[in-house]
Trainee: 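Please find one structure pasted underneath; my questions will follow.
Nothing here was measured: the structure is a model prediction, and the numbers come from that model.
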Amino acid sequence: MAKKFLLRSLVVLTALTLVAAGCGNDDDDAAPAPAPATEAPAPAATEAPEPMDDPEPMDDEVVAAFVFVGPVGDAGWTWAHDQGRRYAETETGATALFVESVPETAEDFRAVALDFIENEGADVIFGTSFGYMDTMEELAGEYPDVVFEHASGFKMNDTNFGNYFGRMYQPRYLSGMAAGAMTEADQIGYVAAFPIPEVLRGINAFTLGAQRTNPDVEVHVNWTFTWFDPALEGDAATALLEAGADVIAMHQDSTAPGLAAQEAGARWVSYNSDMSAFAPDAFITAPVWNWGPYYARIIDAVAEGTYTPGAYWGGMADGIVALAPLADDVPDEVAAEIDEVAAQLTDGSWDVFTGEIRDQDGNVVVAAGETMEDGAMLGMTFFVEGVVGDADPS
């Protein structure tokens, strides 16, 4: 999660190759260590389709190293990556090391990576935050025998440096369908991180899904300019609830918006993982990450000497993104429709940004029957009709 907001915004807008601007903090200063996660049971395990065949355990053990920007106990972004690390370790037999809460300065990342390479014999390093990208590119040139894989960025080379992300907008749409059916006020609050294409894309997909089950719904956005600040994010959710929202959605890594929703007797759509254990009375569902099979595939390729860098942007068909189980009180007919749409997203017969779609000003941004291209999605700068808020609050 990089803290370089202006850089990241410019970079993503020019990313017309298959890239993804992933979770990242975006200032020039190093990110402070995130606050501890709220004490509660671990997020529930989420079943998802397997992205690829499970690799067989390797004969020659690979040392895989993971550099995490937050604490593994955040219940969100880093927790999901760590679950993927654990899965890959079990499936492949690799040694999967990690360091958590590594700031996004070149010095900090380089020190951790060099320790992994020179003292632990790392064969592959996974960097799970946007701000690590440039340093990973430099290290890939310095250590051609080590594979570097970067989550959420766009840079790569043709030998040992690739990037990866997922089409989170797909389960975002499905979660919006559920939220639209559950709101009685026709007003949903969305606690949002930074106004960058990744987040805008998610808000828009969520809104389009909510409109599918509730044409009268509005999605009100409250920007926090944070990724993991439980106090601030809880306050942002409370402000939306006090303004009339009875469902809260979020692009954050903490559970605070859900706790605020439960305290207010409202409902909640979490993100990153199934956080139902933290606010069970409020929880509706969540768009979730399933990193493990991708990590296992890369480790297996490194072990076999078949690794080739790529720009991976997988979707529900691969299982890297999925929807957590629905709350029991989601209407049966809505649950059935969500299943139907999920099947279309999985088999590729339909995708979320298929027109006609209009922006907040009523301009047609996707014509009827057309589907937005990846480059346009990756550089998204607008809000769709039905979103209340500013897509460029600077």
Side-chain angles (χ1 to χ4, degrees), residues 37-38 40-49 75-76 79-80 83 168-191 202-203 205-220 233-234 237-238 240-241 244-290 316 319 321-343 345-346 352:
T38 305
T46 301
E47 295 183 2
W79 184 90
Q83 294 302 298
M168 181 53 74
Y169 68 87
Q170 293 178 336
R172 285 273 190 202
Y173 182 92
L174 301 177
S175 71
M177 290 177 64
M182 298 302 286
T183 177
E184 297 178 358
D186 297 335
Q187 183 172 323
I188 298 173
Y190 202 114
V191 183
I203 294 169
F206 177 89
T207 302
L208 293 171
Q211 291 170 341
R212 183 174 185 136
T213 56
N214 183 350
D216 297 325
V217 75
E218 290 183 339
V219 176
H220 293 245
E233 291 150 17
T238 297
L240 289 164
L241 293 162
D246 61 351
V247 174
I248 293 294
M250 66 185 222
H251 192 128
Q252 304 288 352
D253 296 344
S254 81
T255 61
L259 298 175
Q262 179 153 299
E263 183 176 354
R267 304 304 296 269
W268 171 48
V269 174
S270 74
Y271 172 52
N272 287 309
S273 69
D274 180 342
M275 296 179 177
S276 56
F278 293 84
D281 296 337
F283 185 80
I284 298 173
T285 188
V288 300
W289 291 104
N290 180 35
M316 291 185 67
V321 293
L323 188 70
L326 299 171
D328 291 340
D329 60 344
V330 173
D332 290 343
E333 63 273 17
V334 174
E337 186 177 4
I338 289 172
D339 286 343
E340 292 174 3
V341 177
L345 292 169
T346 301
V352 169

Trainee: Would you say the side chain of W268 lies within less than 4.5 Å of the side chain of I284, judging by non-hydrogen atoms?
Mentor: no
Trainee: Hey, could you give me the CZ/CD1 distance between R267 and I188, rounded to the nearest 0.5 Å?
Mentor: 12.0 Å
Trainee: Roughly how far apart are L259 CG and I248 CD1, rounded to 0.5 Å?
Mentor: 12.0 Å
Trainee: Taking the side chain as every heavy atom from C-beta outward, state whether S270 and Q252 have any pair of such atoms under 4.5 Å apart.
Mentor: no
Trainee: Nearest 0.5 angstrom please: Y271 OH to T285 OG1, how far?
Mentor: 14.0 Å
Trainee: Taking D253 for the side chain and G76 for the main chain, is one N or O donor matched with an acceptor at less than 3.5 Å?
Mentor: no
Trainee: Side chains of M182 and V334: closer than 4.5 Å at any heavy-atom pair?
Mentor: no
Trainee: For the residue pair M168 and P287, what are the closest heavy atoms and their distance?
Mentor: SD-CB, 3.4 Å
Trainee: Please enumerate all residues that pass side chain to side chain donor-acceptor pair (under 3.5 Å) together with R172, with sequence neighbours excluded.
Mentor: Y190, H251
Trainee: Ignoring hydrogens, what is the shortest heavy-atom contact between P280 and Q262? Give both atom names and the distance.
Mentor: N-OE1, 3.2 Å
Trainee: Which heavy atom of A256 sits nearest to which heavy atom of G234, and what is that distance?
Mentor: CB-N, 3.7 Å
Trainee: Check side chain to side chain donor-acceptor pair (under 3.5 Å) between Q170 and all other residues, then give those that pass, not counting sequence neighbours.
Mentor: D351
Trainee: Which atom pair, heavy atoms only, marks the closest approach of L174 to A342?
Mentor: CD1-CB, 3.8 Å
Trainee: Looking only at non-hydrogen atoms, find the nearest pair between A179 and F206 and report the distance.
Mentor: CB-CZ, 3.5 Å
Trainee: Let me confirm one number: the OG1-CZ distance from T255 to F283, rounded to the nearest 0.5 Å.
Mentor: 12.0 Å
Trainee: Starting at OG of S273, measure out to CZ of F278 and round the result to the nearest 0.5 Å.
Mentor: 7.0 Å
Trainee: Mind running side-chain contact (heavy atoms from CB on, under 4.5 Å) on L323 and S175 for me, showing each step along the way?
Mentor: CA-CA 7 Å; L323 188 70; S175 71; 3.9 Å; yes
Trainee: Show me the donor-acceptor pairs within less than 3.5 Å that the side chains of residues 211-218 make with the rest of the protein, sequence neighbours left out.
Mentor:
from	atom 1	to	atom 2	distance (Å)
Q211	NE2	E385	O	2.6
R212	NE	E337	OE2	3.0
R212	NH1	Y173	OH	3.1
T213	OG1	M177	O	2.8
T213	OG1	A181	N	3.4
T213	OG1	A210	O	3.3
N214	OD1	D216	N	3.1
N214	ND2	G180	O	3.2
N214	ND2	D186	OD1	2.9
E218	OE1	H220	NE2	3.1

Trainee: Please assess T238 against E263 for the test side-chain contact (heavy atoms from CB on, under 4.5 Å), listing each intermediate value before the final yes or no.
Mentor: CA-CA 9 Å; T238 297; E263 183 176 354; over 6 Å; no
Trainee: Distance check, rounded to the nearest 0.5 Å: Q83 atom CD versus N272 atom CG?
Mentor: 12.0 Å
Trainee: Locate the shortest heavy-atom distance separating D274 from V288; write the atom from each residue and the value.
Mentor: N-CG1, 3.6 Å
Trainee: Could you tell me whether D332 atom CG has more than 12 heavy atoms of other residues or ligands within 6.0 Å of it?
Mentor: no
